[in-house]
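What follows is a short report on a single structure.
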Number of protein chains: 4
Amino acid sequence: MFLHTVRSEGLAHLSYIVGDGGHAAVIDPRRDCDVYLRIARDEGCHVTHIFETHRNEDYVIGSTALAARTGADIYHGKELGFRYGNAVSDGDTFELGGARLTVLHTPGHTMESISLALADTGFSDRPVGVFTGDALFVGDVGRTDFFPDNAEEVAGLLYDSLHEKLLPLGDGVILYPAHGAGSVCGDAMASREFSTLGYEREANPRLQLERAEFVSFKVNEHHYQPPYFRKMEELNLEGAPVVAALPVPEPLPAEEFAAAMDEGALVIDLRSPEAAAGARVPGSLVIPLNMLPSFGGWFLPYDRPLALVVEYPDEAQTTVRYLHRLGYSEVAGYLEDGLHGWEVSGREFEAIPQITAQTLRDRLAAGEQFTLLDVRKKGEFEEGHLEGARHIYVGELPDRVDEVPEDGPVVTFCGSGRRAIIAASVLCRAGFESVENCLGSVRVCAALGCEIIT
Amino acid sequence: MFLHTVRSEGLAHLSYIVGDGGHAAVIDPRRDCDVYLRIARDEGCHVTHIFETHRNEDYVIGSTALAARTGADIYHGKELGFRYGNAVSDGDTFELGGARLTVLHTPGHTMESISLALADTGFSDRPVGVFTGDALFVGDVGRTDFFPDNAEEVAGLLYDSLHEKLLPLGDGVILYPAHGAGSVCGDAMASREFSTLGYEREANPRLQLERAEFVSFKVNEHHYQPPYFRKMEELNLEGAPVVAALPVPEPLPAEEFAAAMDEGALVIDLRSPEAAAGARVPGSLVIPLNMLPSFGGWFLPYDRPLALVVEYPDEAQTTVRYLHRLGYSEVAGYLEDGLHGWEVSGREFEAIPQITAQTLRDRLAAGEQFTLLDVRKKGEFEEGHLEGARHIYVGELPDRVDEVPEDGPVVTFCGSGRRAIIAASVLCRAGFESVENCLGSVRVCAALGCEIIT
Amino acid sequence: MFLHTVRSEGLAHLSYIVGDGGHAAVIDPRRDCDVYLRIARDEGCHVTHIFETHRNEDYVIGSTALAARTGADIYHGKELGFRYGNAVSDGDTFELGGARLTVLHTPGHTMESISLALADTGFSDRPVGVFTGDALFVGDVGRTDFFPDNAEEVAGLLYDSLHEKLLPLGDGVILYPAHGAGSVCGDAMASREFSTLGYEREANPRLQLERAEFVSFKVNEHHYQPPYFRKMEELNLEGAPVVAALPVPEPLPAEEFAAAMDEGALVIDLRSPEAAAGARVPGSLVIPLNMLPSFGGWFLPYDRPLALVVEYPDEAQTTVRYLHRLGYSEVAGYLEDGLHGWEVSGREFEAIPQITAQTLRDRLAAGEQFTLLDVRKKGEFEEGHLEGARHIYVGELPDRVDEVPEDGPVVTFCGSGRRAIIAASVLCRAGFESVENCLGSVRVCAALGCEIIT
Amino acid sequence: MFLHTVRSEGLAHLSYIVGDGGHAAVIDPRRDCDVYLRIARDEGCHVTHIFETHRNEDYVIGSTALAARTGADIYHGKELGFRYGNAVSDGDTFELGGARLTVLHTPGHTMESISLALADTGFSDRPVGVFTGDALFVGDVGRTDFFPDNAEEVAGLLYDSLHEKLLPLGDGVILYPAHGAGSVCGDAMASREFSTLGYEREANPRLQLERAEFVSFKVNEHHYQPPYFRKMEELNLEGAPVVAALPVPEPLPAEEFAAAMDEGALVIDLRSPEAAAGARVPGSLVIPLNMLPSFGGWFLPYDRPLALVVEYPDEAQTTVRYLHRLGYSEVAGYLEDGLHGWEVSGREFEAIPQITAQTLRDRLAAGEQFTLLDVRKKGEFEEGHLEGARHIYVGELPDRVDEVPEDGPVVTFCGSGRRAIIAASVLCRAGFESVENCLGSVRVCAALGCEIIT
């Protein structure tokens, strides 16, 4: 019996392929699904089953793509009206050689959420592992904010799923969740990807709560819902269109790149914050490449072509891959020879000045007038922020940009300058003329003697 | 300006991608065309032009596939009624940055054959290289056996193309032909892939001939035309169907493999001659993988699924790639765990005894009764063969198997045992009960003292 | 915190790299240690600690090689007089960022065996995993046959290590053993590589036994000790010599290959059993490549150069890698162009006829006279064998070849023909003239109606 | 016969491996020589010969490293007292199967320079290609500035080598030079890497000159000699020390990185000009990674450890490779997590403001006071520069920094901003407080209406 974890970087999405005796099942496949075919080939088996632990909100699931390549059958919970695949019920079992997968209905995150217990029947009927989808993570539990009208009910459902379905499987059961640290599906996940039900039972803070405490905690938890979630839900209900192969993005000389802009393309600058700060195409939206999976869905429209600025051509291909996972398909191309190509064509570029935490401290101490815009999450802001800071979450900034005073300098600020550079570019795009980005953090500012408001 | 050669192994097909200033042209693309996209990306350019030097007989050209991926335009000679692409005339020029391609009509191999002279206009209008398709190779010239009714005329056309169109370009012009050594498109090509018109003018035996000698030589030259050529000509006239991605072959456990056989699949054994000799699935056709591109088209039907026996799963993928290039699309799968999987399932297997050249010599010396079946090309046979050898070319054996005496042992023989093992498996499939393969050659036999008939 | 498993194929040796906060530890590194450097680089950390769970018998440990590349410190149990590294004691702890490794003295397999409990201190002081070396495997426990004079005592020590040291860590602790299925260090390991202490407590057959039962079981267990174990023990006590880079094996044309043989090189044929059966270099020892790690140490001398026969040049490189892990360093080269190169040079080759299980059954039924040599392990033979079969374990055959009757045909036999082909080649090398190999098994023979003696 | 070109990026160094019949020769191997071993293995041959066309000035030749791995013999011209290898004379020949290499003494670039004519003796004794070292390039000829006391003599020697030794080989001979476009060994090379003697005879501007014109041209040609040339000449005369494997650079957390700086490490920032401009470690020298091979030797000392700032860990490995080719071996490590790691540690960083060509034009037009420092080559400057520009070549800036006025702002300028960012960082390191870099060029400025002085 084999089991491999397949990670989708940035999304921190974990999918799995498990098999035995020449057959394999994939749990929550990603959309660029060649990787499962390669593993199946190396293990000498067919992919015959595809399981979706739930209808995902944060990425396009690859079930239809993988089924088109393999002929495998798709299975998911019966409590949602999927337009494709087959509905399964609590207790259903699937055998792949000596591997038995047993369906557990574990609602809470969504109503149709399922988990899959894995047994090695040659040894025991007891499970050795469990695929928990978005019900239980390493160090955290799933979000329950998708049904605000029934907030308490769904939080209670999740509690029951955790305590009555999952934990009773036994301490010695390995945990295989659908997300790891960095996912938008949970804030408190461990960086460690391996755990067991026994370890979580004792060390997962959420599992230490009584039912009422748990419900109260979950109801009061704050999560953001990027606008692209709606698109994902739609695609994952209907079954995402199958795309034969990832498109290969075309290099665009500066002139063609500018023409694409004139024709309506939105420029995304995927380089490092420092490079984007040093010089960027005027009007471009800065989203460093490794932040695209988590943040792209807040900013990118589905009805405009995207024009890319990257350091290396390979990164354009990676960008297309990340966009594909989020359902974006219209890429006009990437700037040939990177920003250098733009510069030597004689076109104007812009910089976004970066300031140190020391500079920020000194300005605050001197009582200089400027807007300090903290774009971290609400919870981070509440835990501690600089005096005078104004809070707007980076993802919400495009819709709330008119809340930022236009008549003076703005310094964007977050936990390191990475989200703040996105925000700075949003402000620049909105016409703000004096925008600086602080490559600092509350922690650093505190160490430098700034007062922190909690 | 860049220029890369892309080889298709086995077919010894050489294609080229040349570009400058952000644009690239591909000459005679292969069907699995991702490689050109990767090169174009690394060189930071678009593929905008696709040229076909002629309608190919020996492989499915990738023009339609590459055009579908890139939007490039396809160009070919105007003397044939292609159902796709654009016709070009002698003297037409195409500019890609500083690279200029000039069309030369160079008929002979086919009527619509073109060559493309390449100039680096930043330096000179004189050509620095020429893509000659199947007109001129390193050490050989193109076949002229496709118009048997006009044999002399087309041979003369080729002579004129060579001497009036190509050689006049100048000695210092690099030669970029469509095939290298090992191709079915010529017997005498050098193993060396690099040459110039000047070198060929002096060292290519065919270019030393006067026109009449040349015509006579070409008219009397003997070439084989495998039956799949017809299929290639048809696909390459119509425009081959575009396949999104190479299929990933499925492993079939012995039981499913046997079931596929029962349902009509033809088993091809792609392992080494020695392995196929040691043990093989009864009824299988042996074609070692590296011989598949050149020999598959003689033996494989287009209307039956193919079931593969390989040593490693990777080889099944390579097989599918090779078959794709020859237009075969129906692969049932490959035997899981190789022949070992078949053996441990308890199914019967067969061996083909291999004999050494020493044994063959001794049997001949002792006057033993057996059919010595020499399956080399006509020309090789005529140059020298063992006494008593009977000649049938390996490719023609399926149609001429009834010419082989069934009432006694048969020893198959070629230049090394590689073609002979194919022949041996053809005989086994035809019901011959005593078939041995000699892993020897005329050269070895001569060294051992056998008499050679010339 | 990250944790990666690194497998050494064939040996089924599992090593681990675990790290946090910029530091990493490697547990039981393999000798070709580049893989850990690559992982460390990708994870952005230094390798600072190397742990050896015990002095290994079955491979050369890579501690000295990895320490030479990284400057890391080496640690092992204090009960053996290692000539390098540092001794640790039960209870010692090592911190790498938030990862804490705690030493547990777990003797039994060897006296100085240690396990390492892994805690993620940001979450809990309880362990989340444990590296058990050769104490506890998935589905099996370590061998205790290395101290035959104290057999009961060491078996008891292992029992106590398992029940008093390891299991008390808790059910929810993930198991990270030093070997997986296929290792010579245990017969009963699961093919599955993942488990927990809780799962093993309930499903591992060895952990179901009472102490006395366990001791009795272990004392009566039969294991083979290949002769190379002595060499490994010596190297792993002294610290293996550090080799800068894996040598690149040279291709040898048939003539040079033959010359190397004349100068004393031993020929190993690493191709598939079927290929070796079809044709092989006379005098060669057949060990299919994937069997080399487990079986090479039975047959290969440390004082003779080895000359390789492989299908592809890549396999020669893999062979050198496998040999390096077993401490063999003298490789003369590999046969250029494989066996084909030998054949076309006109040299003689030999075949080993392969027979089917059907043929074997028929011969047995007909009462034919021949030696049926079963070369499986003692335990396999005792569980069931064909009537009249004579048993000599494949590894012991070179020393016991004079027990095989020379005056009649011999059929070698095992569980599939893979070990039997090794045995057949040993007999051929010893001068036996009529050797056949059966590509069958007791299971297949039973299905065909043969009587099985148990 | 096979022939492969191996490129060393950045240095634009071209080396070759050519072989036939199981043997291969490498011409001018690079120091990281695994690539030749891989090719030789894939081609099934031994590397038996290593040729050096001359004692190189611009990189450490890999002859000793490759000889140590293969046992091959090293050959070079006899007019220099190499401390290793064998001397060859004009007319010496070497046979590798059907490949014959004939030595031609072609002095001029250096006294002991040789070329190697390549014949395919199966076809003709005439050469089909020639390895010309630094005598003849595509579109240019070798430098003759290494013997300033005999300038005319050596220029004449080169003329004679070109016209009496090389061109007489024949128009149809393919040119295989030791460098391509981008090398410091010539300014006028074509971007195209393929050519013939015939094409060069007609299109290479230097070959159109009469002897006296040629000598005059070469004597008046201006080339820079970076200081590291002396080190290369020394190593390449003695035979460079053989290093077993490229070291793997260690990531250094910001604290350790700062400590390495305190202990004397020089920080090189290898990121893009824009990123280095956005934020960099104070005191760091900026050399974008792809410029390191050509420019590193001007700035980097051999007696101080180097500490690297890169965007991705892979780039640190590439940096080490590039440094190895230039003989630098002491690398302290690279900044963990890139500049981000530095920022979040709370350490101060600096920016270098980038200005557009438009801004520069406006400042010039407005008569603003500042030093415009043009750091291009002398020849480029003389061809055209902005009014008021002061010229110091980037490579010479460290020694001439006191020529730059310290009491006012400085704007660095080159052909695109890439060399200018190096210069800007040199000035910052020297204590200049107001340094800006213009990401523009003379061409762009001219297009914007600036006056160009010629």
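Nothing here was measured: the structure is a model prediction, and the numbers come from that model. Each chain gets a letter, A, B and so on, in the order its sequence line appears, and its residues count up from 1.
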With A/Ala430 via side chain to side chain contact (heavy atoms under 4.5 Å, CB included) - residues at least two apart: A/Val401, A/Phe432
Heavy-atom contact with chain D under 4.5 Å, split by part of A/Ile355: backbone
With D/Ala365 via side chain to side chain contact (heavy atoms under 4.5 Å, CB included) - residues at least two apart: none
Partner residues of D/Ala447 under the side chain to side chain contact (heavy atoms under 4.5 Å, CB included) criterion, sequence neighbours left out: none
Contact summary for A/Val444 and D/Val344, nearest pair of heavy atoms: CG2-O, 3.3 Å
Would you list the atom pairs in which one atom of chain A and one of chain D form a donor-acceptor pair under 3.5 Å?
from, atom 1, to, atom 2, distance (Å)
A/Ser272, OG, D/Glu311, OE1, 3.4
A/Glu311, OE1, D/Ser272, OG, 3.4
A/Tyr312, OH, D/Glu315, OE2, 2.6
A/Glu315, OE2, D/Tyr312, OH, 2.7
A/His340, ND1, D/Arg418, NE, 3.0
A/His340, ND1, D/Arg418, NH2, 3.4
A/His340, NE2, D/Arg418, NE, 3.4
A/Val344, O, D/Arg443, NH2, 2.7
A/Gly346, O, D/Gln358, NE2, 2.8
A/Gln358, NE2, D/Gly346, O, 2.8
A/Arg418, NE, D/His340, ND1, 3.0
A/Arg418, NE, D/His340, NE2, 3.4
A/Arg418, NH2, D/His340, ND1, 3.4
A/Arg443, NH2, D/Val344, O, 2.8

